[in-house]
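Input: a single structure, listed below in structure tokens.
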2 protein chains.
Amino acid sequence: MVKIVIVEDDVFLRAELQSILEKEGYSVESISSFDTTLEDIISAAPSVIILDLNLPKLSGFQICRALKARGIGPILVLTSRNQLRDELHALDLGADDYLTKPCHPKRLIARIQKLHHLYANMHVLLDAGDFQLDEKANVLYVGKNSISLSENEGMIMKALVKAVPSVVKKEELFNQLWGSSEYVDENILQVNMTRLRKTLDEVGLSNRIKTVRGIGYQLIGGSCR
Amino acid sequence: MVKIVIVEDDVFLRAELQSILEKEGYSVESISSFDTTLEDIISAAPSVIILDLNLPKLSGFQICRALKARGIGPILVLTSRNQLRDELHALDLGADDYLTKPCHPKRLIARIQKLHHLYANMHVLLDAGDFQLDEKANVLYVGKNSISLSENEGMIMKALVKAVPSVVKKEELFNQLWGSSEYVDENILQVNMTRLRKTLDEVGLSNRIKTVRGIGYQLIGGSCR
DNA sequence: TTCAAACCTTACAACAACTGTAAGAGTTAA
DNA sequence: TTAACTCTTACAGTTGTTGTAAGGTTTGAA
């Protein structure tokens with residue numbers, strides 16, 4: 001079942017879209033208010049996301065970026081903003097297609113199909129610019145090479161990549177790797193960091209994990225697009 | 001170096017496009033006459049193809065289909081035809097994006113970047129219908145789950161999936177796994193088959209490897225699309 | 001039905017990869 | 001200078017992978 005999530009605040013347009021898409025055989029879920037948006041979108045595990053840019057609280061652009069950083073997509077922006085710079089901005093932030101209202105249903109459906117097909121045959125890779133991480137398989141792709149990471153290495157990389165360009169707190173890493181319950185020696189994180197850095201070194205990704213003294217670690221470099 | 005191939009018969013437009021793209025840092029190759037088109041496109045190994053629909057001999061649609069059948073892409077159709085049915089047709093035949101002339105250079109470039117980025121990060125997954133195999137990472141994707149296979153399991157699966165729906169000879173598997181040089185006990189293949197089958201069982205892929213007595217093994221089921 | 005070839009399963013041990021612990025060295029900033 | 005913080009290395013327990021070995025099961029033809 002192909003599931004489509006519509007993020008759109010105009011009630012009437014939303015109903016119309018939903019009707020069109022459901023006739024086409026899609027499973028549709030609509031979301032309007034922001035408070036629940038990000039979480040809802042993620043937990044809905046959509047095959048395609050249709051996103052309006054004019055949302056009440058957080059802008060569509062921000063949602064776009066947040067979703068992409070988490071490897072969620074594809075995102076089709078459907079908006080009444082027909083300015084080129086809006087389109088460029090949206091595409092730059094990670095939107096996969098950009099259609100302006102009014103949009104012929106057939107065009108919308110064709111584009112949805114396209115995106116879905118593309119993503120269905122594609123891995124969702126966390127993208128750090130000059131390398132990609134397959135968070136499910138714990139495999140790192142650097143250029144044409146690939147190396148598989150250990151469980152721990154993968155977890156740390158995932159956290160770092162998802163947080164770019166922020167710093168990941170040590171505490172957070174401890175929670176992710178060893179749970180917050182049991183006690184583990186502080187040192188274990190450092191050891192695993194050393195190991196990860198060494199692994200990254202071996203594939204040409206040197207000095208990419210910066211230590212933020214007292215706080216945590218941060219992934220740097222890797223020109224964001 | 002990102003290489004773009006332009007298939008366009010209008011000399012002036014071609015020159016203009018080439019100029020725009022080269023300023024952007026792309027390596028550009030232009031093609032006009034059809035006689036050499038398909039071969040040229042393929043041998044040029046482009047990162048992105050810009051395709052006009054109004055070509056003298058073979059239509060852009062046909063080129064579209066031919067390229068897609070060979071797994072070559074992405075294809076961005078850039079045309080003066082602004083009919084919806086042309087767009088739908090092109091997308092259906094495999095075009096990855098469709099822009100109408102006149103098109104703002106920045107929009108074109110943004111779309112090219114998008115497509116290139118998408119394809120550059122795309123995994124080539126071996127597809128067996130109801131599961132996919134990442135042959136580089138030795139990871140099997142079944143629905144939303146993924147399991148990593150051992151080296152041997154991965155090699156066998158790769159051989160089986162690639163051969164579908166044929167039978168893979170035992171000899172061939174021996175060559176792939178242990179080389180043809182040294183002697184290894186016949187039994188080792190059976191053992192590894194048992195292990196692979198057990199692994200597949202655990203993810204709901206039961207009875208998918210059929211033994212062809214005296215010949216080899218065969219992957220079955222998994223509705224091909 | 002019988003039987004041998006073909007195939008399957010299980011157990012075992014060697015080996016490699018991964019992980020946490022421990023100890024000591026290096027670095028940072030007040 | 002110094003104490004807190006961080007890094008590095010070595011070691012051992014654990015787990016996963018692989019080939020070997022031994023014995024059981026299935027198949028198909030006589």
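Lettering of chains follows the sequences in order, A, B, ..., and the numbering in each one begins at 1. What you see is a predicted model, and the numbers here were worked out from it, not measured in a lab.
- Side-chain atoms of B/R208 come within 3.5 Å of backbone atoms of B/I220 as a donor-acceptor pair (strictly under, hydrogens ignored).
- Counting to the nearest Å, the P atom of D/dT6 and the CD atom of A/E186 are 7 Å from each other.
- An OP1 or OP2 oxygen of D/dT8 is reached within less than 4.0 angstrom by a side-chain nitrogen or oxygen of A/T194.
- As judged by a 4.0 angstrom heavy-atom cut-off over every strand, B/K198 is placed among residues making no nucleic acid contact.
- A donor-acceptor pair shorter than 3.5 Å cannot be found between the side chains of A/Y98 and A/D86.
- With hydrogens and angles left out, the side chain of B/R195 and the base of D/dG19 share a donor-acceptor pair within 3.5 Å.
- Near DNA chain C, defined here as any heavy-atom distance below 4.0 Å, the residues from residues 148-161 of chain A are A/S150, A/E151, A/N152, listed numerically.
- At whole-Å resolution of the value, CG in A/L173 and P in C/dT19 are 15 Å apart.
- Atom CD1 in B/I215 sits roughly 17 Å away from atom P in D/dT27 (whole-Å rounding).
- Close to D/dT6, at under 4.0 Å from its OP1 or OP2, lies a side-chain N or O of A/K170.
- No donor-acceptor distance shorter than 3.5 angstrom exists from the side chain of A/Q113 to the backbone of A/A110, with no hydrogens or angles considered.
- Counting to the nearest Å, the P atom of D/dT9 and the CD1 atom of A/I188 are 16 Å from each other.
- If you measure from atom CG of A/N187 to atom P of D/dT8, you get 12 Å, rounded to the nearest angstrom.
- For the OP1/OP2 pair of D/dC7 and a distance below 4.0 Å, the side-chain nitrogens and oxygens of A/Y217 include at least one atom meeting the criterion.
- Formation of a donor-acceptor pair under 3.5 Å by the B/D92 side chain with backbone atoms of B/L88 is not found in this model.
- A donor-acceptor pair is defined here as one N or O able to donate and one able to accept, closer than 3.5 Å; such a pair exists between the side chain of A/T79 and the backbone of A/R81.
- Computed from coordinates, the B/I147 CD1 to D/dG16 P distance equals 14 Å when rounded to whole Å.
- Set against C/dT21, D/dT6, D/dG19, the side chain of B/W178 has D/dG19 as its closest nucleotide.
- Remark: the backbone N or O of A/S30 is not paired with any side-chain donor or acceptor of A/R14 at under 3.5 angstrom.
- Note: CG (B/N192) to P (D/dT17) measures 11 Å, nearest angstrom.
- Rounded to 10 degrees, the angle between the two end axes of the helix from C/dT1-D/dA30 to C/dA30-D/dT1 is 30°, with five pairs used at each end.
- Test A/V168, A/I156, A/L173 against A/Y217 for side-chain contact (heavy atoms from CB on, under 4.5 Å) and you get one pass: A/L173.
- A donor-acceptor contact shorter than 3.5 Å links the side chain of B/S47 to the backbone of B/K3.
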Which pairs, protein N/O on one side and nucleotides 1-4 of chain D N/O on the other, fall under 3.5 Å?
unit_1, atom_1, unit_2, atom_2, d
D/dA4, N3, A/R213, NH2, 3.1

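- Nucleic acid contact class of B/T211 (heavy atoms, under 4.0 Å, all strands): sugar-phosphate only.
- Distance, B/K210 NZ to C/dC7 P: 13 Å, rounded to whole Å.
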